[in-house]
Amino acid sequence: MKLIHLLFGKPYKKHNDFKSMYFRGLYWFVVCFYFISISMLLVSSFFDPIAIIGLLMSLVFFPLAFRLIYSVLGKFNGMERVEG
């Protein structure tokens, strides 16, 4: 869990409205998608050594882009992050 929070930041607080459920669902969907795609790129890099460049770029830039977009959209919609 600490690795996920380090890479993607903390999700927004859980409420019983659609907006909160949408943001939390999106957060966990992207986390699962990230680990699946990284595992596929890792397998691909065994067959094609040039794919290591794509793997390294995905390891770094995907979480950074997600954090930026997720925080901007969350602030625009008035969401609050989970504390602690």
Side-chain angles (χ1 to χ4, degrees):
M1 192 62 92
K2 289 184 180 184
L3 175 67
I4 293 172
H5 289 167
L6 176 70
L7 290 172
F8 295 98
K10 296 192 180 206
Y12 290 117
K13 287 185 179 178
K14 188 174 185 178
H15 298 289
N16 286 332
D17 59 344
F18 175 75
K19 190 171 25 174
S20 173
M21 289 189 291
Y22 174 76
F23 273 98
R24 290 184 71 84
L26 177 70
Y27 179 87
W28 288 111
F29 173 78
V30 169
V31 168
C32 291
F33 177 78
Y34 175 75
F35 286 110
I36 291 170
S37 64
I38 291 300
S39 63
M40 291 172 65
L41 283 170
L42 188 62
V43 170
S44 174
S45 68
F46 284 121
F47 298 115
D48 184 17
I50 296 176
I52 293 174
I53 296 169
L55 174 68
L56 294 176
M57 288 176 54
S58 298
L59 281 171
V60 175
F61 291 118
F62 188 83
L64 290 176
F66 175 77
R67 282 183 101 155
L68 176 71
I69 293 169
Y70 190 70
S71 65
V72 168
L73 288 176
K75 287 180 183 177
F76 181 73
N77 288 299
M79 303 293 290
E80 299 176 22
R81 294 239 186 224
V82 172
E83 298 170 5

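Quick note: residue numbers are just sequence positions, from 1.
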> Keeping Y34 on the side-chain end and L59 on the backbone end, is there a donor-acceptor pair under 3.5 Å?
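Yes.
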> Output a table of donor-acceptor pairs, distance under 3.5 Å, between side-chain atoms of residues 42-57 and any protein atom two or more places apart or on a different chain; print 'none' if there are none.
residue: S45; atom: OG; partner: L42; partner atom: O; Å: 2.7

> Using the test side chain to side chain donor-acceptor pair (under 3.5 Å), find all partners of K19 that sit at least two apart in sequence or belong to another chain.
none
> How many angstroms lie between CG in L41 and CD1 in I36, if you round to the nearest 0.5 Å?
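L41 CG to I36 CD1: 12.0 Å, rounded to 0.5 Å.
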> Kindly give the heavy-atom pair with the smallest separation between F62 and V30, and that separation in Å.
CE2-CG1, 3.7 Å
> Residues two or more places apart in sequence or in another chain: which of them pass side-chain contact (heavy atoms from CB on, under 4.5 Å) with M21?
none
> Kindly determine whether F66 and L7 satisfy side chain to side chain contact (heavy atoms under 4.5 Å, CB included), including the steps that lead there.
CA-CA 9 Å; F66 175 77; L7 290 172; over 6 Å; no
> With V31, which residues qualify under side-chain contact (heavy atoms from CB on, under 4.5 Å), at least two apart?
I4, F8, Y27, W28, F35
> Quick check on the hydrophobic clustering: are L64 and L3 connected, directly or via other members, by side-chain heavy-atom contacts under 4.5 Å?
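Not linked; separate clusters.
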> Show every side-chain hydrogen bond (donor to acceptor under 3.5 Å, both in side chains) that has at least one partner inside residues 68-77, sequence neighbours left out.
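Residue pairs with at least one partner in residues 68-77: there are none.
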> Spell out, yes or no, whether L26 and V72 are grouped together once hydrophobic residues are joined by side-chain heavy atoms under 4.5 Å, including indirect joins.
no
> How long is the span from the OH atom in Y12 to the OH atom in Y22, to the nearest 0.5 Å?
12.5 Å
> Transitively linked via ILVMFWY side-chain contacts under 4.5 Å: L68 with F76?
no
> Of all residues at least two apart in sequence or in a different chain, which pass the side-chain contact (heavy atoms from CB on, under 4.5 Å) check with K13?
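Residues passing side-chain contact (heavy atoms from CB on, under 4.5 Å) with K13: H15, E80, V82, E83.
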